[in-house]
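Read the structure below first, then the notes.
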Amino acid sequence: MPKKNYENSTVAELKAIAKEKGIKNISKLKKADLIEALAALDKPAKKEKKAAKKEAVVEEVKVVEEPVVEEVVEEAPAEEVVEEAPAEEVVEEVVEETPAEEEVYFDTPRRSVAFIGSECFPFAKTGGLGDVMYALPKALTKLNCDVKVIMPKYECIKQEYKDKMVYRGSFDMDLCADGRSYYVGIMEYVWDGVVYDFIDNEEFFSGAKPYTTIVDDIPKFCYFGKAALAALNYMDWIPDVIHCHDWQAGLVPVYLRTLFNETPLSRSKVVTTIHNLRFQGVYNIPTIKYWTNLPDYVFNKDALKEGYEDANMLKGGLTYSNAITTVSNTYAQEIQTEFYGEKLDAHLRYHAGKLVGIVNGIDIDIWNTATDALLPANYDITNVLEFKKEDKLALQAELGLDQDENKLMIGLVSRLTDQKGLDLVNAIIPQVMDEFTQIVVLGTGDKVYEESFRNYENQYKGNFAACIQYDEARSHKIYAGADAFLVPSLFEPCGLTQLIAMRYGTVPIVRETGGLKDTVAPYNVHTNEGNGFTFDNYDAGLLLDAINRCKTLYFTNRWCWDEMVQRNMAKDVSWENSAKQYRDLYLELTK
Ligand code: ADP
């Protein structure tokens with residue numbers, strides 16, 4: 001209904017329509033609010049528009065159909081007509097014929113891509129890499145890419161997923177310098193247009209977690225990189241592009257251009273993405289030589305060699321890649337400097353010509369406040385101001401905090417390591433805590449942070465919750481229930497948590513580094529623009545200042561705060577744009 005028609009309606013009529021449309025807590029809404037909410041519902045978001053487009057087709061068919069049925073009724077019995085062309089059948093046909101939005105992209109050339117990496121949601125995830133390995137392939141399938149994801153079949157993958165895997169084949173593979181060979185099993189699972197191939201070897205992939213100690217992880221990923229390539233050859237699936245992720249797949253480009261040089265795979269181009277430069281897979285040369293049997297010449301200072309006696313798996317991979325990407329523009333620049341370069345800055349400057357930054361997105365089907373089954377109250381941009389409070393109250397109850405919708409709740413969901421700026425957080429918590437403020441932390445990691453957060457929970461009972469655990473479901477509730485979200489990282493290649501927070505209408509407080517800088521525009525109090533509160537230097541006082549600016553807006557200018565909440569929810573943080581950039585890179589490499 002057009003907005004002006006709502007304006008002509010009485011409050012009672014509007015309430016009746018609102019009730020019909022599923023808007024909750026109607027009694028509290030004034031006429032203007034009701035009109036806004038209804039008008040907004042009539043203007044669906046992009047994804048809903050697509051569904052609406054289909055519905056519109058359905059409606060159109062119905063509208064066209066009805067008169068036809070009526071006309072025919074005069075000539076022939078209604079039943080006959082219905083039998084000949086049942087409404088549902090016609091509707092289905094038309095819907096199928098209508099080109100889906102995704103199909104628009106199918107006019108670009110098709111490319112096949114093998115993703116090789118150590119984790120992928122929902123099978124195994126310890127951080128953002130797992131999210132990207134799931135969401136990017138899915139987004140690429142909509143851009144005319146054929147994607148296979150190759151990852152280890154860890155013992156810790158849930159049985160429900162293992163049950164879905166199908167045996168694809170197995171073989172023995174030479175690995176070590178002394179000729180020792182290892183079993184490689186391939187288990188396959190096809191889901192959502194993406195093929196997942198799991199490399200099976202219980203000797204390497206047993207244990208409760210994907211990663212253990214570097215002593216075990218080095219042989220594990222020396223084996224995995226070679227097994228992934230051997231599996232592609234075995235399956236006779238020669239992709240246009242092999243896309244490697246982080247140090248665990250670092251040896252893939254090295255193997256490809258040496259031991260696999262005479263195989264069909266050698267015609268594939270290879271891309272390496274750095275998700276976090278801190279982790280590089282460094283170990284002494286004799287051990288890596290033993291586990292890979294790679295030729296001596298790759299252990300030179302331009303490829304694998306680091307310092308006098310170490311080999312660096314990521315460094316070797318970067319050398320032999322046709323292109324290097326990292327997960328934000330700012331991080332692509334930062335890692336070429338000494339401070340952020342983790343000792344590879346000179347190497348990256350040397351390879352700068354093939355280095356680009358492509359910012360991550362999030363999967364907006366999973367991270368969808370309107371449908372997220374883990375939330376006590378679902379909401380969208382039209383009713384966030386009302387229902388987000390319900391999520392806050394439910395979270396407060398679940399965590400044993402004081403139940404008060406007026407308190408500012410600050411969330412933090414993170415691996416607990418120094419990278420995440422937790423030293424700054426720890427230093428200022430006493431100054432942040434007051435009777436109007438609550439903090440909820442969810443994370444595991446370094447004992448020093450786990451302990452300090454537990455201590456703060458004891459000290460500020462009712463207002464501070466330390467959830468020292470990895471809990472996907474609870475993370476969703478925090479993104480929805482919190483008002484503000486803390487990501488004050490020392491460095492942050494991209495960061496997904498600030499993107500999820502914005503999608504959930506939670507205002508980020510971030511340090512201006514890496515992807516945080518690229519995705520969170522600082523709030524400008526004069527123009528009322530921006531997405532969150534930011535600070536530049538790694539300094540506890542500056543973080544405190546940002547939190548205080550956040551508190552000031554929240555408590556003294558709720559109108560502008562609410563606008564920022566809605567602006568953030570409307571911000572495009574999906575994979576669509578970034579996936580196109582990857583697709584363009586693949587096309588460029590394989591012209
Ligand atoms: P990183 O990859 O450096 O850990 P990102 O921000 O890129 O950081 O990604 C972190 C991902 O892991 C997000 O999806 C976040 O929700 C999730 N996450 C981190 N810690 C936890 C936790 N304790 N429980 C549930 N999810 C978590």
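Just so you know, ligand 1 is whichever comes first in the structure, and atom 1 is the first atom listed for that ligand. What you see is a predicted model; the values in this text were computed from it and never measured.
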Indicate, as side chain, backbone, both or neither, the part of [X] found under 4.0 angstrom from ligand 1 when only non-hydrogen atoms are considered.
X	value
Ser414	backbone
Thr126	neither
Lys420	side chain

Pairing donors with acceptors under 3.5 angstrom, does anything connect the side chains of [X] and [Y]?
X	Y	value
Arg278	Gln419	no
Ser452	Asn426	yes
Thr519	Gln498	yes
Lys388	Thr506	yes

Quiz item: What residue among Asp434, Asn463, Thr437 forms side-chain hydrogen bond (donor to acceptor under 3.5 Å, both in side chains) with Lys407?
Solution: Asn463

Quiz item: Can an N or O of Gln469 be found at a distance shorter than 3.5 Å from an N or O of ligand 1?
Solution: yes

Quiz item: Hey, is ligand 1 close enough to Arg415 that some N/O pair sits below 3.5 Å?
Solution: yes

Please could you name the atoms of ligand 1 that [X] approaches to less than 4.0 Å, counting only its heavy atoms?
X	answer
Tyr479	15 (C), 16 (O)
Gly443	23 (N)
Gly495	6 (O), 7 (O)
Asp131	11 (C), 13 (C), 14 (O)

List the closest protein heavy-atom neighbour of [atom]: residue, atom name, distance to the nearest 0.1 Å.
atom	value
atom 2 (O) of ligand 1	Gly128 N, 2.6 Å
atom 25 (C) of ligand 1	Asp471 O, 3.4 Å
atom 12 (O) of ligand 1	Lys125 CE, 3.6 Å
atom 21 (C) of ligand 1	Tyr470 CE1, 3.5 Å

Practice problem: For the pair His347 and His351, name the ring-plane relationship: parallel under 30°, tilted 30 to 60°, perpendicular over 60°. | Solution: perpendicular

Quiz item: Roughly how far, to the nearest 0.5 Å, is the CG atom of Leu348 from the CD atom of Gln336?
Solution: 6.5 Å

Quiz prompt | Any His275 heavy atom less than 4.0 Å to ligand 1 | solution = no

Quiz item: Under a heavy-atom criterion of less than 4.0 Å, does Arg474 contact ligand 1?
Solution: no

Quiz item: Under 6.0 Å between ring centres, would you say that holds for Phe491 and Tyr340?
Solution: no

Practice problem: Kindly write out the residues that satisfy salt bridge (Lys or Arg N to Asp or Glu O under 4.0 Å) with Lys315, not counting sequence neighbours, or none if the list is empty. | Solution: none

Quiz item: Counting heavy atoms only, which of Thr497, Thr444, Val413, Leu496 is nearest atom 19 (C) of ligand 1?
Solution: Val413

Quiz item: So among Phe115, Tyr134, Phe123, which one has a ring pair (Phe, Tyr, Trp, His ring centres under 6.0 Å) with Tyr196?
Solution: Phe123

